[in-house]
There are 2 protein chains.
Amino acid sequence: MAEVLSPAAVEAAEARIRAHVRHTPGMMVEGAAFGLADPVHLKLELFQHTGSFKARGAFNNLLARPVPKVGITAASGGNHGAAVAYAAACLGHRARIFVPTVSSPIKIERIRAYGAEVVVAGDRYADAALLSDAWAKESGALVVHPFDSPYTIAGQGTVAREWEEDAPDGLDTVLVAAGGGGLVAGTALWFHGRTRVIAVEPQGSRALHAARAAGRPVDVEVESIAVDSLGAKRVGELVHVIARDWVDDVVLVPDSAIVEAQRRLWSSLRIAAEPGGATALAALLAGHYRPRPDERVGVLVCGGNVDLTTLAALAT
Amino acid sequence: MAEVLSPAAVEAAEARIRAHVRHTPGMMVEGAAFGLADPVHLKLELFQHTGSFKARGAFNNLLARPVPKVGITAASGGNHGAAVAYAAACLGHRARIFVPTVSSPIKIERIRAYGAEVVVAGDRYADAALLSDAWAKESGALVVHPFDSPYTIAGQGTVAREWEEDAPDGLDTVLVAAGGGGLVAGTALWFHGRTRVIAVEPQGSRALHAARAAGRPVDVEVESIAVDSLGAKRVGELVHVIARDWVDDVVLVPDSAIVEAQRRLWSSLRIAAEPGGATALAALLAGHYRPRPDERVGVLVCGGNVDLTTLAALAT
């Protein structure tokens with residue numbers, strides 16, 4: 001386990017997935033765009049395949065582990081489902097994605113369009129996950145967990161490796177959104193204390209915050225505008241351990257700040273982010289994270305799967 | 001004149017405007033995203049201040065030339081007007097922008113929001129330009145031309161300098177949209193034959209194509225989905241001379257290809273481009289420019305001032 005919980009696991013993931021994922025751009029943005037004194041380095045991971053960082057973890061799972069002929073399975077009505085379906089199609093594997101009935105028809109159609117078999121069943125994510133696990137037991141299919149797998153975490157961590165390589169002046173602190181916590185755990189695993197890692201959660205969806213307070217993963221109620229991507233009820237055990245050791249702080253932001261961050265990304269930069277993708281920036285904009293003078297701050301914009309009509313209504 | 005028509009003019013512009021413009025990101029995108037065999041390097045200039053490359057030329061004019069107390073003037077209902085208004089506000093100058101009556105209220109409001117005085121008058125761009133020139137004569141205000149000024153051209157050329165610096169494997173050929181031609185002229189001025197420069201125009205707005213055919217700038221009829229940013233009736237004299245010497249070819253694309261390029265940028269990359277911003281890519285997507293095997297092709301995505309509701313309707 002020591003090895004899968006080290007930066008070397010991220011290195012290994014990077015070598016594995018390099019040919020399959022996009023090297024997404026970073027961009028230094030003047031502080032004035034966000035009402036700040038100092039510039040901010042944005043990592044624009046929303047331009048990744050399938051519109052979010054999730055493609056990294058999906059490819060790492062499929063390339064690091066033996067995939068049986070029956071294929072893979074996952075539970076997700078959102079970005080993870082799309083990423084797993086896409087990675088499976090690229091690598092020639094069958095995929096069966098269990099999608100809770102609450103998922104939007106557009107998202108379900110997207111997963112199907114990537115070539116996966118979609119099973120719409122179960123009221124909520126947890127129900128779909130049970131069905132996915134049951135099917136894996138029955139069929140031998142490989143389960144790709146959305147966050148609490150060492151392969152998922154190390155795969156997501158490759159975004160931090162790229163980011164560090166590209167940030168022209170270095171990074172003192174990075175802000176990263178957390179749902180189930182795979183992305184922030186992977187980021188923290190990579191930086192390993194060299195750079196401060198701040199997790200940002202919606203006030204209404206605070207699984208990581210609650211885990212830190214309780215000293216173990218616990219269930220939380222979930223209600224936020226970012227619930228479609230950050231709405232995990234509970235972080236995983238692995239995520240909890242990594243975050244406890246290597247995430248410096250967990251900051252909570254109200255939904256209003258998330259909407260304002262989406263609005264600002266569009267009006268100042270012409271970047272269309274989904275709520276979860278704008279959550280890390282919300283912490284800076286709303287003053288929930290206040291940088292010191294000259295602190296070199298990075299913000300991860302991690303997803304762009306936003307409905308344009310909804311964004312249009314927000315942005316004007 | 002020799003000096004203003006050399007790469008040194010772009011170097012000088014870069015030094016002048018560096019502190020005021022964003023260094024926009026480049027991104028290598030796998031060919032599959034666009035139905036091509038080889039990857040394409042996108043220069044994402046749509047994330048520039050005011051949502052287009054126009055900020056570069058605007059700042060270069062204002063920083064290279066003495067600005068009288070009465071301020072500056074320009075004619076534009078679109079990206080140039082917004083960029084000039086923004087640059088003037090940043091540098092503490094007054095700006096009076098003449099906007100033709102056909103311009104959309106949203107764009108007029110944007111120019112006003114940057115702090116400029118907006119005069120809505122004249123049926124078309126040419127009428128607004130006459131009014132702007134007349135006011136400059138009367139008041140002594142500095143005219144910032146949208147394309148046919150050496151300062152505008154050299155300013156726009158700084159995008160090419162950045163691009164060349166950032167493209168990891170070099171660029172054999174770049175595709176750049178043309179309206180009045182300031183951007184493509186600046187790009188060609190910078191590359192000076194080191195990299196092939198292909199201008200791309202809508203079939204319905206082909207001022208550069210017509211100028212090459214006639215051997216001098218001539219008027220064309222203008223009707224295209226990209227008319228709001230590329231709808232010049234005639235290229236300038238300076239643009240014509242530079243393009244004649246240093247632009248390798250001019251390619252025409254139908255509006256349907258421009259819409260498809262907007263759609264693909266959104267569905268594959270989550271990039272929201274305006275029609276003019278997607279026009280260069282349209283030449284590749286629709287096969288109007290066909291790269292050789294292994295040709296290192298770059299595409300400039302030059303503007304993101306798209307109405308999100310319109311894009312939503314296109315993209316689904």
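Every chain is numbered from 1 and lettered A, B, ... according to where its sequence line falls, protein lines coming before strand lines. All values below were derived from every heavy atom in this structure, side-chain atoms included, with hydrogens, water molecules and symmetry-related copies excluded.
- The stretch residues 264-276 of chain A places W266(A), S268(A), L269(A), R270(A), I271(A), A272(A) near chain B, each with some heavy atom under 4.5 Å from a heavy atom of that chain.
- Among A315(A), A312(A), A32(A), the residue making the largest number of heavy-atom pairs under 4.5 Å with chain B is A312(A).
- Residues of residues 53-61 of chain B never come within less than 4.5 angstrom of chain A, heavy atom to heavy atom.
- Proximity to chain B (any heavy atom under 4.5 Å) is shown, for N305(A), by both the backbone and the side chain.
- Scanning for ring-ring contact (aromatic ring centres under 6.0 Å, His included) contacts around Y114(A) gives Y86(A), with sequence neighbours left out.
- Counting heavy atoms of neighbouring residues, nucleotides and ligands inside a 6.0 Å radius, atom CZ of R94(A) does not exceed 12 of them.
- Only the side chain of L44(B) comes within less than 4.5 Å of a heavy atom of chain A; its backbone N, CA, C and O stay farther away.
- Residues of residues 22-30 of chain A that come closer than 4.5 Å to chain B, counting heavy atoms only, are R22(A), H23(A), T24(A), P25(A), G26(A), M27(A), V29(A), E30(A), ordered by residue number.
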